[in-house]
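Since this is a predicted model, take the numbers as computed values, not measurements. Basis for what follows: all heavy atoms, side chains included, without hydrogens, waters or symmetry-related copies.
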Amino acid sequence: MDDNRFDEALTYVVKAINMDDRNTQALLLAAIIQLDTGNIEPAISCLLKSVELEPDRGFEKYMYLGQLMIELEAVKYFQLGVNAMQRDLDEFPAASSQAAVLKRKMAEAYVAMTEIYLTDCCFEDDAERKCDEFLENGLKADPECPEIYQTMASVRLSQSRLDDARECLRKSMSLWTEKDQNDPSQIPSFETRLALVRLLLE
C-alpha cells in the first residue's frame, strides 16, 4: 500500500478474508484500500460487515462510516465510534499516551458531529442544543484540542455571539501557534487552518 500497489494489497487482504470471513482487521484494511482507490460502495460493505461482527470494538470503522454517511446517519456512526473509544479508554491508565491519543480522537469526533448539526442538520429542532452538547463533551474528552474551540467559535457566530466567538478563536490559536509549525502532529490540519482564516475574516 505504501507504494500505491493497491491491487496487489487488496488481493492479499481478500485472501485473508476468504480464509476467515470474521477477520475484522482484514475487513477494515480492505475498506481502506477500496476507499483509496475510489471504490466507495465496496468499502462501505466491508465496514458494515465489520460492524456486524464486532459492534463494540474497533472505533476506526465507525469513524470511516461517519465520514461516508450523511446527516443523522453520519452522527449515529460517529457516536458509536466515540462509544467504542470510551471502552478502549477504560483499559488504559489515564495519563498514558494511548489515552491521550484516544481523547483527542474523541474530541475530533465530537467536532465532526457538531459540524453536521451546523450544516446538513441545521434545521433540526434540537440543532443548537446538540451543538452545545457535543462541544461540551468534546471539551471533557480533551480540553486542549484546538478544533473544539474553533468549532465553538463557528457555533457562537451562528448565535450572533461575536465576542464569545472571538474569545474561542483566541483560545484555539493559543493552543498551537507557539508550537513547531513544521511538525504536523503539533498543529491542526491544513483544512482546519483554512477554516480558521475564514472565521477570522468573518
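When each of R161, E167, R166 is checked for a side chain to side chain contact (heavy atoms under 4.5 Å, CB included) with D163, only R166 meets the rule.
Listed by first and then second residue, the side-chain hydrogen bond (donor to acceptor under 3.5 Å, both in side chains) pairs involving residues 14-29 are T24-E54 (not counting sequence neighbours).
One finds the CD1 atom of I32 at 7.5 Å from the CG atom of D36 (value rounded to the nearest 0.5 Å). Summarising the geometry, atom CE belonging to M85 is positioned 8.0 Å from atom NZ belonging to K105; distances are rounded to the nearest 0.5 Å. Taking OG of S96 as the reference point, atom CG of L89 lies at 7.5 Å (rounded to 0.5 Å). With values rounded to the nearest 0.5 angstrom, K61 atom NZ is found 10.0 Å from F59 atom CZ. Taking CD of E73 as the start and NZ of K76 as the end, the distance is 5.0 Å to the nearest 0.5 Å. To the nearest 0.5 angstrom, Q34 atom CD is 4.5 Å from N39 atom CG.
Between V111 and E115 the shortest side-chain heavy-atom distance falls below 4.5 Å. Between V101 and Q98 there is no side-chain heavy-atom pair separated by less than 4.5 Å. Counting heavy atoms from C-beta outward, Y117 and E71 have side chains that stay 4.5 Å or more apart. Inter-residue side-chain proximity for L68 and L47 is flagged as met; some heavy-atom pair is nearer than 4.5 Å. Here the side chains of I148 and T114 are not in contact, with every heavy-atom distance at 4.5 Å or above. Within the 4.5 Å cutoff, the side chain of M69 has heavy atoms near those of the I44 side chain. Counting heavy atoms from C-beta on, the side chains of V51 and L80 never come closer than 4.5 Å. Looking at W176 and E147, their side chains never come closer than 4.5 Å, going by heavy atoms from C-beta outward.
Using a cutoff of 4.0 Å between basic side-chain nitrogens and carboxylate oxygens, R104 and E108 are not scored as salt-bridged. Between R57 and E91, at least one side-chain N (NZ, or NE/NH1/NH2) sits under 4.0 Å from a carboxylate O, which counts as a salt bridge. For the pair R129 and D132, the salt-bridge criterion is not met [side-chain N within less than 4.0 Å of a carboxylate O].
Follow the hydrophobic side-chain contacts under 4.5 Å out from L175 and you reach V155 in the same cluster. Criterion: ILVMFWY side-chain heavy atoms under 4.5 Å apart, direct or through other members. Under it, M113 and L135 are not part of a common hydrophobic cluster. When hydrophobic clusters are built by joining Ile, Leu, Val, Met, Phe, Trp and Tyr residues whose side-chain heavy atoms come closer than 4.5 Å, directly or via intermediates, L118 is not grouped with L162. One hydrophobic cluster, built from ILVMFWY side chains closer than 4.5 Å, cannot hold both M173 and Y149; they sit in different ones. F134 and M63 end up in the same hydrophobic cluster when Ile, Leu, Val, Met, Phe, Trp and Tyr side chains are linked at under 4.5 Å.
Considering all non-hydrogen atoms of both residues, A26 and A16 come closest at CB-CB, 4.2 Å. Heavy-atom minimum distance, A109 versus V82: CB-CG2, 3.6 Å. Between A94 and K103, the shortest heavy-atom contact is O-NZ, 3.5 Å. In this structure, G66 and A74 approach most closely via the heavy-atom pair O-CB, 3.3 Å. The shortest non-hydrogen separation linking C46 to A30 is SG-CB, 4.0 Å.
Applying the 6.0 Å contact sphere to CD of E124 captures more than 12 heavy atoms from other residues, nucleotides or ligands. Residue Y64 qualifies as open at atom OH: its count of foreign heavy atoms under 6.0 Å is 12 or below.
Between the side chain of R87 and the backbone N or O of D56, at least one donor-acceptor pair lies under 3.5 Å. Not one N or O on the side chain of S172 forms a donor-acceptor pair closer than 3.5 Å with the backbone of L169. Proximity of a side-chain donor or acceptor of E60 to a complementary backbone N or O of L28 within less than 3.5 Å is not detected.
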side-chain contact (heavy atoms from CB on, under 4.5 Å) for Q67 and F78? Distances and angles first, verdict last. CA-CA 8 Å; Q67 295 173 57; F78 279 125; 4.1 Å; yes

